[in-house]
Amino acid sequence: MAFKTMSLLLLLAGLLICFAEAEVHHHDFVVTNKNYTRLCETKSILVVNDQFPGPTIHVRKGDTVFVNVYNYGDIQITLHWHGVKQPRNSWSDGPEYVTQCPIQPGNNFTYEVIFSDEEGTLWWHAHSDWTRNTVHGAIVIHPAEGTILPYAQPDAEEILILGSWYTYDVNLVVVEDLATGSDLPVSDAYTMNGQPGDFCNCSKETTYRWSVDHGKTYLLRIINAVMNAELFFSIAGHNLTLVNQDAAYLKPTVTSYIVIGPGQTMNVLVTANQSPGQYYMAGRQYYTDKAIFTEYDKTNVTAILQYNGDYDPPTAPYFPNETLPSFADYHAGISFRNKLRSLTEGDVPKNITTRMFITAEQNQLFYNFSGDVIISLAASLNNVTWINPWVDVLQAYYKNMSGFYTEDFPDNPPEYYDFVSEHLPVNTTQSLMGTKVKVLEYGEEVEMIFQSSNVLNASEDHPMHLHGHSLYMIGAGGGIFDSEKDPKSYNLVDPPYINTAALPRDGWMTVRFRALNPGVWLWHCHLERHYSWGMNTVLIVKNGPTPETSLRPPPPNMPACDPPVDIKQKTSHSSHMKQN
């Protein structure tokens, strides 16, 4: 009887799979320059399909999307599908000089974007220079046909993309700053769906507005596309129920605000249950750097939630004065993140085969140029500052080309010291430049313990993003990681399953994952200034025992690799020149 019951269940499961067969979608993304006016000034920016933010991609769980990118802009570009695991398909992941060389102006390339277990909200963005500042858009992943949401179906939904705005050509300024060793640009404003909002110059007439009906519940999909800042976000008078992060479900968490880092996505339920009127949706930077550094973007970005119907509008929308934390409210940031749990028990790796202890720090590089010593800012993981090769790592790995990277990224820092001290010695500031990767066997269970280091008194939160995988974020805390005490606090039952995890300032964070996706995958801090300075490395997951567990062959017409011309390439090339 049991055998017959099992056979029937398998048959029904097979029928359901047939009915829920994944779909294939096709999109054309045309990249061009277009003039936009913000903050009283007009400039040319790079956009996709004449839209800023760019077009939204809608799929169901398990679908595949082919995106043909035509680069009619004035600079080279690549696109990345943030949080999409791309099983066995590093070729379409997108980071320049890691999985491909850039698409040059006048050329095109078709990405094959393969969805697997993701369900919720992700996003796509440029992964070359600082171009993602304006080249980005949402990815909405609906449940597979025949399945339902783990919460009541909302009446409607809305997308809200948080971004940065610069009144100048930020790519040009970044090139200059990297060449001179200066600090990298601070944005002039943040944006919501491309608009700075009521509290910024020349912006009141174009503030983004979201119309709602009283009594209805909405799903708000929030994406942090900001270049260099975590943000607090709150809606005046309305609670948020967080149900999904990074396209994986969470236990519903009712909160008056969220903290969302660059690269992260969050789905919240909002019920329009207040008196009809207008209410600010507001965001401001969650600032975790030292108080002595005051040059950060202090603007309040706003959009307006407005009720439909007949009522006397207020003189000004209500502002979330009581629920939007202040810039440096560290307790609010930690308290929010400590609440998050996966909806169901996770399959957390417990038989660890590779354990790494990785420090994240800012650094200085010293160059001797014709007798003059030039000091340049840098960043590193385990004291290694990443340098891009001029042939992408994936191609070099697949074709067994030597001389473009080495397989010796260290599992530990070169030395242990008081990582959170405010008086670290000078010899901790200099890093080693290199293209060092970490190689993993297929199927390994990996634990990474990240330690934030206060080199240059510059410890701050680091939103760490791993391509091609999601991570179980099993623990985090302040101070130096204690290998005896801190593992006792790990959540091995229902930790958040995310692709971008926040390493706290002057603290530690532990993540685990299984290396089941063969290919070449970038790991980096999603603060663009740190990524530009080299706070990244690459994981190579070797092939498994079968064709189905091995990296696919490359697609035709991969972009050609030319001598280095991108921001980090220019830096690395000039660095080598200065050292010779």
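Each residue takes its place number in the sequence, starting with 1. The figures that follow rest on heavy atoms only: side chains count, while hydrogens, waters and symmetry mates do not.
- Thr265 and Thr121 form no side-chain donor-acceptor contact under 3.5 Å, judged by distance and modelled atom types alone.
- A heavy-atom distance below 4.5 Å is found between the side chains of Pro262 and Leu527.
- Counting only distance, with no hydrogens or angles, the side chain of Gln306 and the backbone of Trp210 share no donor-acceptor pair below 3.5 Å.
- Ring geometry, Tyr257 versus Phe336: the interplanar angle falls from 30° to 60°, so the pair is classed tilted.
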Give the C-alpha distance, both sets of side-chain angles, the deciding distance and a yes or no for ring pair (Phe, Tyr, Trp, His ring centres under 6.0 Å) between Tyr531 and His127.
CA-CA 11 Å; Tyr531 180 56; His127 216 302; 5.5 Å; yes

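- Side chains of Trp533 and Ser380: no donor on one and acceptor on the other come within 3.5 Å.
- To the nearest 0.5 Å, atom CG of residue Asn239 and atom OG1 of residue Thr255 are 7.5 Å apart.
- Among pairs with a residue in residues 146-155, none fulfils salt bridge (charged side-chain N to carboxylate O under 4.0 Å, His left out), at least two apart in sequence or across chains.
- Aromatic ring centroids of Phe513 and Tyr472 lie 6.0 Å or more apart.
- Thr217 and Thr271 share a donor-acceptor pair across their side chains, judged by distance under 3.5 Å alone.
- With respect to Arg60 and Glu145, a salt bridge is recorded, a charged nitrogen being found less than 4.0 Å from a carboxylate O.
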As a quick check of understanding, evaluate side chain to side chain contact (heavy atoms under 4.5 Å, CB included) for Asn49 and Val47, giving each step before the final call.
CA-CA 7 Å; Asn49 294 357; Val47 296; over 6 Å; no

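- In this structure, the salt bridge (Lys or Arg N to Asp or Glu O under 4.0 Å) partners of Asp347, at least two apart in sequence or on a different chain, are Arg514.
- Salt-bridge annotation for Arg552 and Glu112: present, with a side-chain N of the basic residue lying under 4.0 Å from a carboxylate O of the acidic one.
- Inspection of the His25 and Asp63 side chains reveals an N or O donor paired with an N or O acceptor under 3.5 Å.
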Let's go through Lys542 and Val439 carefully: what are the C-alpha distance in whole Å and the side-chain angles of both, what is the deciding distance for side chain to side chain contact (heavy atoms under 4.5 Å, CB included) to 0.1 Å, and is it a yes or a no?
CA-CA 7 Å; Lys542 295 170 70 172; Val439 179; 3.5 Å; yes

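- Under the 4.5 Å side-chain criterion, counting only non-hydrogen atoms from C-beta, Pro554 is not in contact with Leu394.
- Contact of the Ile161 side chain with the Met192 side chain is not registered, since no non-hydrogen atoms from C-beta on lie closer than 4.5 Å.
- With sequence neighbours left out, the ring pair (Phe, Tyr, Trp, His ring centres under 6.0 Å) criterion links Tyr405 to no other residue.
- Using a 4.5 Å heavy-atom cutoff, the side chains of Gln76 and Ile103 are not in contact.
- In this structure, CE on Met448 lies 4.5 Å from CD1 on Ile358, to the nearest 0.5 angstrom.
- Side-chain atoms of Trp91 and Asp93 include no donor-acceptor pair closer than 3.5 Å.
- Considering all non-hydrogen atoms of both residues, Gln100 and Gly94 come closest at OE1-CA, 3.5 Å.
- Remark: Asn68 pairs with Tyr70, Asn108, Thr110 by the side-chain hydrogen bond (donor to acceptor under 3.5 Å, both in side chains) rule, at least two apart or across chains.
- In this model, no donor atom of one side chain and acceptor atom of the other lie less than 3.5 Å apart for Asp129 and Thr131.
- Asp392 and Gln395 form a side-chain donor-acceptor contact under 3.5 Å, judged by distance and modelled atom types alone.
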Side chain to side chain contact (heavy atoms under 4.5 Å, CB included), that's the test. Do Phe409 and Thr435 meet it? Break it down for me.
CA-CA 8 Å; Phe409 181 83; Thr435 308; over 6 Å; no

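- With sequence neighbours left out, the ring pair (Phe, Tyr, Trp, His ring centres under 6.0 Å) criterion links His465 to His80, His82, His467, His524, His526.
- Ion pairing of Lys61 with Asp117 is absent here, as no side-chain N (NZ or NE/NH1/NH2) approaches a carboxylate O to less than 4.0 Å.
- The distance between the ring centers of Trp124 and Phe29 falls below 6.0 angstrom.
- Using a 4.5 Å heavy-atom cutoff, the side chains of Gln245 and Leu340 are in contact.
- When side chains are defined from C-beta on, Ile258 counts as touching Leu240, because their heavy atoms get closer than 4.5 Å.
- Going from atom NE2 of His125 over to atom OG1 of Thr78 covers 9.0 Å, rounded to the nearest 0.5 Å.
- For Asp461, the side-chain hydrogen bond (donor to acceptor under 3.5 Å, both in side chains) partners are Arg337, not counting sequence neighbours.
- Evaluation of the ring pair (Phe, Tyr, Trp, His ring centres under 6.0 Å) rule for Tyr111 yields Trp81, Phe109 as partners, not counting sequence neighbours.
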What verdict does the ring pair (Phe, Tyr, Trp, His ring centres under 6.0 Å) test give for Trp165 and Phe52, after you've listed the backbone C-alpha separation in whole Å, the side-chain angles of each residue and the deciding distance to 0.1 Å?
CA-CA 11 Å; Trp165 186 262; Phe52 171 64; 5.7 Å; yes

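- Partners of Tyr280 according to the side-chain hydrogen bond (donor to acceptor under 3.5 Å, both in side chains) rule, which considers only residues two or more places apart in sequence or in another chain, are Asp198.
- For an aromatic pair to be called close, the ring centres must be under 6.0 Å apart, and Trp386 with Tyr97 fails this.
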For a ring pair (Phe, Tyr, Trp, His ring centres under 6.0 Å) check, start with the C-alpha distance between His238 and Tyr279, then their side-chain angles and the critical distance, and finish with the verdict.
CA-CA 9 Å; His238 295 75; Tyr279 299 82; 4.9 Å; yes

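- Residues passing the side-chain hydrogen bond (donor to acceptor under 3.5 Å, both in side chains) test with Lys339: none are found, sequence neighbours excluded.
- A donor and an acceptor atom, one from each side chain of Ser470 and Lys85, are located under 3.5 Å apart.
- Partners of Tyr296 under the ring pair (Phe, Tyr, Trp, His ring centres under 6.0 Å) rule, at least two apart in sequence or in another chain, are Tyr287, Phe327.
- Looking at heavy atoms from C-beta onward, Asn107 lies out of side-chain contact with Asn71 at the 4.5 angstrom threshold.
- Side-chain contact check for Leu242 versus Met266: some heavy-atom pair is nearer than 4.5 Å.
- If you check the side chains of Glu444 and Thr354, you find a donor sitting under 3.5 Å from an acceptor.
- Summarising the geometry, atom CG belonging to Leu539 is positioned 11.0 Å from atom CG belonging to Asn517; distances are rounded to the nearest 0.5 Å.
- When the salt bridge (Lys or Arg N to Asp or Glu O under 4.0 Å) test is applied to Lys34, no partner is found at least two apart in sequence or on another chain.
- Under a 4.0 Å N-O distance rule, the pair Arg221/Glu157 qualifies as a salt bridge.
- Each salt bridge (charged side-chain N to carboxylate O under 4.0 Å, His left out) pair with one or both residues in residues 519-533, not counting sequence neighbours, appears once here: Arg132-Glu528, Asp183-Arg529, Glu460-Arg529.
- Neither side chain, Thr207 nor Gln195, offers a donor N or O lying under 3.5 Å from an acceptor on the other.
- Taking a cutoff of 4.0 Å between a charged side-chain nitrogen and a carboxylate oxygen, Arg505 and Asp289 do not qualify as a salt bridge.
- With hydrogens and angles left out, the side-chain atoms of Tyr490 and Thr510 include a donor and acceptor closer than 3.5 Å.
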